Amino acid sequence: MPFIVKKKINGKEYFYLQESRREGDKVKSVTLGYLGKTKKEAEKRMKSIMDNKATEKMEKKVTSENNEAKNEKKMERKIEKIDTQMKVKKTEYERIPITVDELSNFCKRKGFVFRSSDIYGGYAGFWDFGPLGVELFNNIKQDWWNYFVKGKDNMVGMEASVISHPRVWKASGHVDNFSDIMIYDKKSKKQIRADQLIEQILKINVEGKDKNEILNIIKGNKKKFHDAGYDLEEEITDFNLMFKTNVGPKSGENESIAYLRGETAQGMFSDFKLIMQTGRQTLPFGVAQIGRCFRNEIAPRDFLFRSREFHIGEFEFFINPNEIKCNLLTNEHLDTKFKILDEETQKKGSSELKEISLKEMLEAKKLDEWHAYWLVEQIMWMRSINLTEIKIREHTKDELSHYSSATFDIDFEFPFGSKEIAGNANRGQYDLMQHQKESKEKMEIFDEKYNEKVVPRVIEPTFGMERIFLAILTKAYSHDREKDTVVLRLPAKLAPIKAAIFPIIKEEKFEAICESIVNDLRKEFYVVYDKSGSIGRRYARNDEIGTPYCITIDENSLKNKDVTIRERDSTKQIRVMVKDLRKILGELIREEIKFTGAGKVVETRVK
């Protein structure tokens, strides 16, 4: 009969469903799944399962087929149907359903992210990356750059200034239209974002609706807002998100007003012709950039997810407007499958996901070939950094920007809901035409392939880099059930510290070898030297910050000139020669070799 067990992990209480099973002459307790963070929640979920008689069915399966692997998988699928969070784990790790506040506290405690100006109580919407955070964030940005810029024949990079001519933002529409809709709550005496409030209380997506439509929704549901604790005024106002500043000595005068950029895209549009000429590019080609952006959010929230200063990674891919076929599409692209919430499903009021291939999307005419190519390239990169739990949401016609023929969000399942971490829009010729109109400079170029002058159209893939950072940490945060410790299962190529080097004990003969190894590895990798505490404690300390490999120097190292490498995720260990260590570590990080094939596998008591 299943029973509830309470466990403490890092001082936090978690409740699990366990069951006693007989294996030969012994009775063992097996964890069946996660029930919640409070006893009340755990009992409620347990009762629900019992009421549905799911537990009895599960017991019969376990009793009769406990030792058969294929039936064990059937049991796991049955439990998944009972509750998406209830799974029998065959591995020693499980993802903890951590809240955004708990993740924020973990990041502060381990040196990933701090509140900006923390000694003054912080400053809402601004964050500082700590020693480990800046390494992880830089690794994410570098991997993005390697994939989308260095790894492509038709991409170049740039870095535009944070402040540009005010007319840039006039042309782009940011000065007049880059705003959120606010409504005043008389109860809290605060301005609130109207769209977010409607989404929170009514569970309605109002993206793309104008002020009058939003106000009518609020008026029509006045009682629901009142019951939720709000006393709203019956008028709404616009709040421009651009940060104003002054340039030059005439501070405060209109001619000195400038803006901190709200996005990176406009620098790529305004420098488009210069980049094409100096970079010797021909259509089609792209310009990429990762940079800081600023938006004066009404209510920054959810840790790094919505802040006032952040990084956007995006590129503008320029194409002849008459070019329909994409010569870069391969069968791998066309056969790639993913989950999508399409327009038709949303119009039915459903959030059911469908699995679809890119080929099927093209056949349904949901996007053109160039748009399709870059959407799948975004998915491929995210999968390469272990973000496999993503879905695509198609924008409905009602929420599309007037210049876009198709837009897609790429969402990740965060502790606070499924949220956008990237997007992809077909922007057409809109931006270049706007800058041509405002600047009076021709933005057309000569396309040698078609022997004509054109203003290119644009496909724009965009990534919220802090949101990617947050998704990676959320996915990596795991619990080692056997040791009752946190393991941050970051991809090795992204991990802040690639390896930790340990002497088996603090003696000069071991430390001398450690120092030599550290100096050699630091020529290529960020590694640390750790001689404090037991080997087990040092392993746990590095597991918690995501270090993928720990290297130990012991008595055999003195005789054989070799070392032990321990892999974080499997806890397996191998021995390799010191002279080969840097080469092997690089191959492991780049996933060019399997861990057990990189050296002689050894058995050891300490994991």
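Here the structure is a predicted model, which means the values were calculated and not measured.
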Answer yes if the side chains of [X] and [Y] hold a donor-acceptor pair under 3.5 Å, and no otherwise.
X: K391; Y: S418; result: yes
X: Q573; Y: T564; result: no
X: N139; Y: E135; result: no

Main chain of [Y], side chain of [X]: is a donor-acceptor contact present, judged purely on distance under 3.5 Å?
X: D128; Y: G130; value: no
X: Q266; Y: V168; value: no
X: N138; Y: P496; value: no
X: R261; Y: R292; value: yes
X: D409; Y: D411; value: no
X: E399; Y: V206; value: no

- Presence of salt bridge, D118 and K108, under 4.0 angstrom: yes
- Item | Test: K493 and E591 ion pair at under 4.0 Å | no
- Task: Take atom CD of E592 as the centre, draw a 6.0 Å sphere, and report whether it contains more than 12 heavy atoms from other residues, nucleotides or ligands.
- Result: yes
- Worked check of ring-ring contact (aromatic ring centres under 6.0 Å, His included) between F137 and H311: CA-CA 10 Å; F137 197 46; H311 292 75; 5.1 Å; yes
- Query: Which of these, K110, R566, R568, sits in a salt bridge (charged side-chain N to carboxylate O under 4.0 Å, His left out) with D543?
  - Reply: R566
- Between CD1 on residue I504 and CD1 on residue I513, distance to nearest 0.5 Å: 12.0 Å
- Query: Could you go step by step and tell me if K498 and E524 meet the salt bridge (Lys or Arg N to Asp or Glu O under 4.0 Å) rule?
  - Reply: CA-CA 10 Å; K498 303 304 185 201; E524 192 170 342; over 6 Å; no
- Within 45° of the ring axis of Y184 and under 6.0 Å from its six-membered ring centre, is that where the NZ or CZ of K189 lies? no
- Indicate, with yes or no, if the rings of F148 and F463 have centres closer together than 6.0 Å. yes
